[in-house]
Undergrad: 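Have a look at the structure that comes next, please.
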Amino acid sequence: MYFEIKNNALDSLKNALKNLNYEIPEDIKLEFPPNPKMGDLATTISFQLAKKLKMSPMDITSSIMENIEISDIFEKVEAKGPYINFFINYKTFSRRLLESVSDDYGKLTTKDEKIVLEHTSANPNGPLHIGHIRNAIIGDSLKRLLKTAGYEVNTQYYVNDMGRQIAMIVFGMEKLGLSIDEELSKKYIDNIANNLSDNSLNENNLDNKSDKSNLDNKIDHQIGQLYFKVNEYINSNEDKKIEVDNLIKAYEGGLSEDLDEIFEKAVNDCLTGVKQTLNNLNIIHDDFVWEGQFVRNGEVDKVVNGLIATGHTKEEEVLCLDLEDFGIEKELVLRRSDGTSLYSTRDLAYHKWKSEQGDLVLDILGSDHKLAIEQVSMALNLLNEKSPEVIFYEFITLPEGSMSTRRGVFISVDELLDEAIDRAKNEVQKRRNDLNEDEINKISNEIGIGAIRYFISRLSPEKHITFKWDEALSFERGCASIQYAHARACKLLEKCGNFDLTKEKLNIDFDKIEDDWTPNEVEMDLIRLIAKFPIVVDESADIMRVHPIAQYVQDLASAFNKFYKSEQVLGCEIESARLLLVDKARITIKNSLELLGISAPLKM
RNA sequence: GGGCUUGUAGCCUAGUCUGGAAGGGCGUAAGACUCCUAAUCUUAAGAUCGAGGGUUCAAAUCCCUCCAAGUCCGCCA
């Protein structure tokens, strides 16, 4: 609806300018005034024209005002100083808006463009920790946003099976006799499943401690510990490093099927744990792409040879790409002196492959990868391939410093999730002693996960985060209050008797809307926000940022809560109109949360 | 040393690309449940937009200098 309104206002302005014989600027700026009392749309066109026309902005505004005609969707247009402010006619606008909001509200028209989006791609040498979570949450939310904005999106997790880190894990298992206990990891999974279905045993949170030690049994956690031990060993036995190098060489050469199997199993085991964690956060990748294949199928060599052919490489002890001509001082090493490939080279082959799969390649990367990906992009340009668009994010650090799988210093995502759900459960139990254990668990899950995802996606990615439990897991005014607004709407609709809770469908026709309904201020605030949703989707997708969605859904929930508090719905004279408004607000909140991968509880 | 990012009320943050009316939230103070769930709502106080200079009718936004924090500059990934 707002798209329509905007165009309407633009047409009115253009006609006025035409009548005045003023030049029409290509890009007439329309913005939302800071305060709804100043109108619904505003333009600063008079400022834009002032210089060219050599007139004061005030005079331009008054001459436009004398010539402007507006359609009936607007109530009036006013000059406030040099600004020109449009006011919507809410009596007609509201009806049209409510009618236009369907279950898939916010979904924009399909664009004929495919995006290959790579995110998370954490090394399979341990569990995901809260440093990785930003990548995963931004990536997944972006996928949801871009899909809703009409793109076809394919998400990929790039699996690093060839690096030194995996070789170290294999080294630990083969040469140091370290092992992972699959029985224990199975038990861990079984325990989780039991805890969910067997409520009678779950009398207290007494077994909190054993829960935590259970987490150590989760398979990716076991691998993380193994990796940590190998690191300590190698650090004090530098001479053994060569053995790790030999493992890398052997795996890369595909010399032994047995060895391949060990590598693959280690990676797969860890990945199993990582996938469980991601699924718990509502994150599912379309594809897992193993980097090893690019070495095995000769693509890495092809890329290297292609770069040699460009004449920008030099070969001394190692083969490297000189990018100084392109403004990058640092050269990119393409091949180790022992002939094996490096991460960046394999990444290059991977990016080349991705660029053949879609119209746009999109990467989510920590800002520490900036130089590396710039080099890769440059190399791709040399090869006449598309270079990726990259969303960079800054780090999440602990108050005591940065995290490291290698040093075993980190908070795992599993730990964070457990804690979040625990805290949520505490709150739910405080408020709802009428619910059964299953319901409480379900709601706690939704709230806990919501708190985490919201905490990450509300911030713009280039903001550095120092992780503090209480900030990350606040339930006051955080995501929970948004979910609460949704639950309230559902409850209200359920009570009216015309709402099918299982299908989430309200059975009231638009012609039931009372004739004398003209929205009051609280209703107008809510209507305005509902109407804005598609614009927010469009603009956020345009800049590939998800944090505007987080801000938006909070404003929306806040407007709903305000409305809920101040206006009676059931039994009032304009019940049908208000019920429809509640229902459309519900849909909009739900769809906004969906973009952030947060579920909208029916009750809480 | 060089590159990149960040600096907006006690705290967290949007706005910076494309200059035009400093927007949220937490916390604080006062108030609101015999009425659809108070994880809510109302009202108030709180900002030399890191510092300094420049461009402009107009600067949080553009340019220059400086300060502080983070990060990169590996035959690691």
Side-chain angles (χ1 to χ4, degrees), chain A residues 27 29 31-35 38 42-44 46-48 50-51 56-57 80-83 85 121-123 125 160 162-166 245 291 317-320 327-330 333-344 346-347 366-372 374 392-395 397 402 406 424 427-428 430-432 447 455 458-466 468 470-471 474-485 487-489 491-496 543 547-548 550-552 554-555 557-558 560-572 578 582 603-604:
Chain A
D27 182 31
K29 275 198 226 163
E31 47 196 51
F32 296 110
N35 179 332
M38 299 171 171
T43 179
T44 55
S46 305
F47 292 111
Q48 281 174 272
K51 198 161 243 174
S56 85
K80 283 245 165 93
Y83 295 92
N85 297 345
S121 302
N123 289 334
N125 61 346
N160 184 340
M162 284 221 139
R164 164 157 273 118
Q165 315 189 337
I166 307 308
D245 289 344
E291 70 168 341
E317 279 169 49
V318 292
L319 178 72
C320 58
I328 301 178
E329 273 183 40
K330 209 70 208 170
V333 177
L334 295 172
R335 201 155 57 198
R336 290 194 182 99
S337 49
D338 68 0
T340 55
S341 62
L342 286 102
Y343 175 81
S344 351
R346 301 189 291 265
D347 204 25
S367 62
D368 55 334
H369 286 68
K370 256 186 190 169
L371 176 61
E374 240 176 84
F392 293 105
Y393 61 90
E394 289 294 331
F395 283 176
T397 49
S402 60
R406 183 165 45 82
E427 298 290 323
V428 179
K430 249 191 262 171
R431 290 162 228 260
R432 299 295 299 262
I447 296 174
F455 170 67
R458 62 182 262 274
L459 297 181
S460 88
E462 50 273 351
K463 218 81 167 178
H464 174 252
I465 299 177
T466 306
K468 293 179 193 112
D470 288 332
E471 279 174 21
S474 143
F475 297 119
E476 307 287 326
R477 268 292 175 185
C479 187
S481 75
I482 298 162
Q483 293 173 311
Y484 182 61
R488 272 178 149 180
K491 185 64 175 293
L492 188 52
L493 291 168
E494 194 187 356
K495 279 206 168 169
C496 86
I543 56 173
H547 65 270
Q551 179 67 50
Y552 167 78
Q554 196 202 67
D555 293 343
S558 167
F560 176 80
N561 278 326
K562 205 174 283 185
F563 161 80
Y564 180 93
K565 200 73 183 181
S566 66
E567 310 300 331
Q568 188 78 25
V569 175
L570 298 177
C572 74
R578 286 198 171 145
V582 169
K603 54 176 135 178
M604 60 186 277

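Proteins get letters first, then strands, A, B, ... in listed order; numbering begins at 1 in each.
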Undergrad: Mark yes or no for whether Asn85(A), through its side chain, and Met38(A), through its backbone, hold a donor-acceptor pair below 3.5 Å.
TA: yes
Undergrad: For a quick check of understanding: with a heavy-atom distance under 4.0 Å over all strands, which category does Ala485(A) fall into, base, sugar-phosphate or nothing?
TA: nothing
Undergrad: Using a cut-off of strictly less than 4.0 Å, decide whether Lys468(A) has a side-chain nitrogen or oxygen near OP1 or OP2 of C12(B).
TA: no
Undergrad: Does Leu492(A) reach a base, just sugar-phosphate, or nothing at all? Heavy atoms under 4.0 Å.
TA: base
Undergrad: Base, sugar-phosphate, or nothing for Glu374(A), non-hydrogen atoms under 4.0 angstrom?
TA: nothing
Undergrad: Look at the side chain of Lys565(A) and the base of U40(B), then say whether one donor and one acceptor between them are separated by less than 3.5 Å.
TA: yes
Undergrad: Does Glu471(A) get its side chain close enough to the base of C11(B), under 3.5 Å, for a donor-acceptor pair?
TA: no
Undergrad: Is Lys330(A) near enough to G2(B) that one of its side-chain N or O atoms lies under 4.0 angstrom from OP1 or OP2?
TA: no
Undergrad: Please classify the nucleic acid contact of Ile543(A) as base, sugar-phosphate, or nothing, using heavy-atom distances under 4.0 Å.
TA: nothing
Undergrad: Checking Arg458(A) side chain against Gln551(A) main chain: does a donor-acceptor pair fall under 3.5 Å?
TA: no
Undergrad: For U13(B) versus A29(B), give the span between their P atoms, rounded off to a whole number of Å.
TA: 24 Å
Undergrad: Paired with C35(B): which nucleotide, if any, by Watson-Crick or G-U wobble criteria at under 3.5 Å for both distances?
TA: none
Undergrad: With sugar-phosphate meaning primed atoms plus P, OP1 and OP2, does Arg432(A) contact a base, only sugar-phosphate, or nothing at under 4.0 Å between heavy atoms?
TA: base
Undergrad: If I pick the P atom on C57(B) and the same atom on A51(B), what distance separates them, to the nearest angstrom?
TA: 25 Å
Undergrad: Provide the Watson-Crick or G-U wobble partner of C62(B), both distances under 3.5 Å; none if there is no partner.
TA: G54(B)
Undergrad: My understanding is that a pair needs two contacts under 3.5 Å, Watson-Crick or G-U wobble. By that rule, which nucleotide pairs with A29(B)?
TA: U43(B)
Undergrad: Should Glu427(A) and Lys430(A) count as an ion pair when the cut-off is N to O under 4.0 Å?
TA: yes
Undergrad: Should the pair Glu394(A)-Lys463(A) be classified as a salt bridge under the 4.0 Å nitrogen-to-oxygen rule?
TA: no
Undergrad: Using only heavy-atom distances, decide whether a donor-acceptor pair under 3.5 angstrom links the side-chain of Asp555(A) to the base of A14(B).
TA: no
Undergrad: Paired with G70(B) by Watson-Crick or G-U wobble geometry, both distances under 3.5 Å: which nucleotide is it?
TA: C4(B)
Undergrad: Need one value for Ser460(A): base, sugar-phosphate or nothing, where a base atom within 4.0 Å counts as base even if backbone is also close, heavy atoms only.
TA: sugar-phosphate
Undergrad: Which residue lies toward the 5' end of RNA chain B, His547(A) or Gln568(A), if each is placed at its nearest nucleotide?
TA: His547(A)
Undergrad: Applying a 3.5 Å limit to both distances, which nucleotide forms a Watson-Crick or G-U wobble pair with G19(B)?
TA: none
Undergrad: NA contact type, Tyr83(A), heavy-atom cut-off 4.0 Å: base, sugar-phosphate, or nothing?
TA: base
Undergrad: Output yes when at least one side-chain N/O atom of Tyr552(A) is less than 4.0 Å from OP1 or OP2 of A14(B), else no.
TA: no
Undergrad: Over all strands shown, is Glu317(A) touching base, sugar-phosphate only, or nothing at heavy-atom distances under 4.0 angstrom?
TA: base
Undergrad: Both Ser46(A) and Arg336(A) contact RNA chain B. Taking the nearest nucleotide for each, which residue is further toward the 5' end?
TA: Ser46(A)
Undergrad: Determine whether a donor-acceptor pair (one donor, one acceptor, N or O, separation below 3.5 Å) exists between the side chain of Ser367(A) and the base of C4(B).
TA: no
Undergrad: If you look at every strand shown and take non-hydrogen atoms under 4.0 Å, does Leu459(A) touch a base, only sugar-phosphate, or nothing?
TA: sugar-phosphate
Undergrad: Who does U48(B) pair with, Watson-Crick or G-U, both distances under 3.5 Å?
TA: none
Undergrad: Just call it for Asn85(A): base, sugar-phosphate, or nothing, with non-hydrogen atoms closer than 4.0 Å on any strand.
TA: base
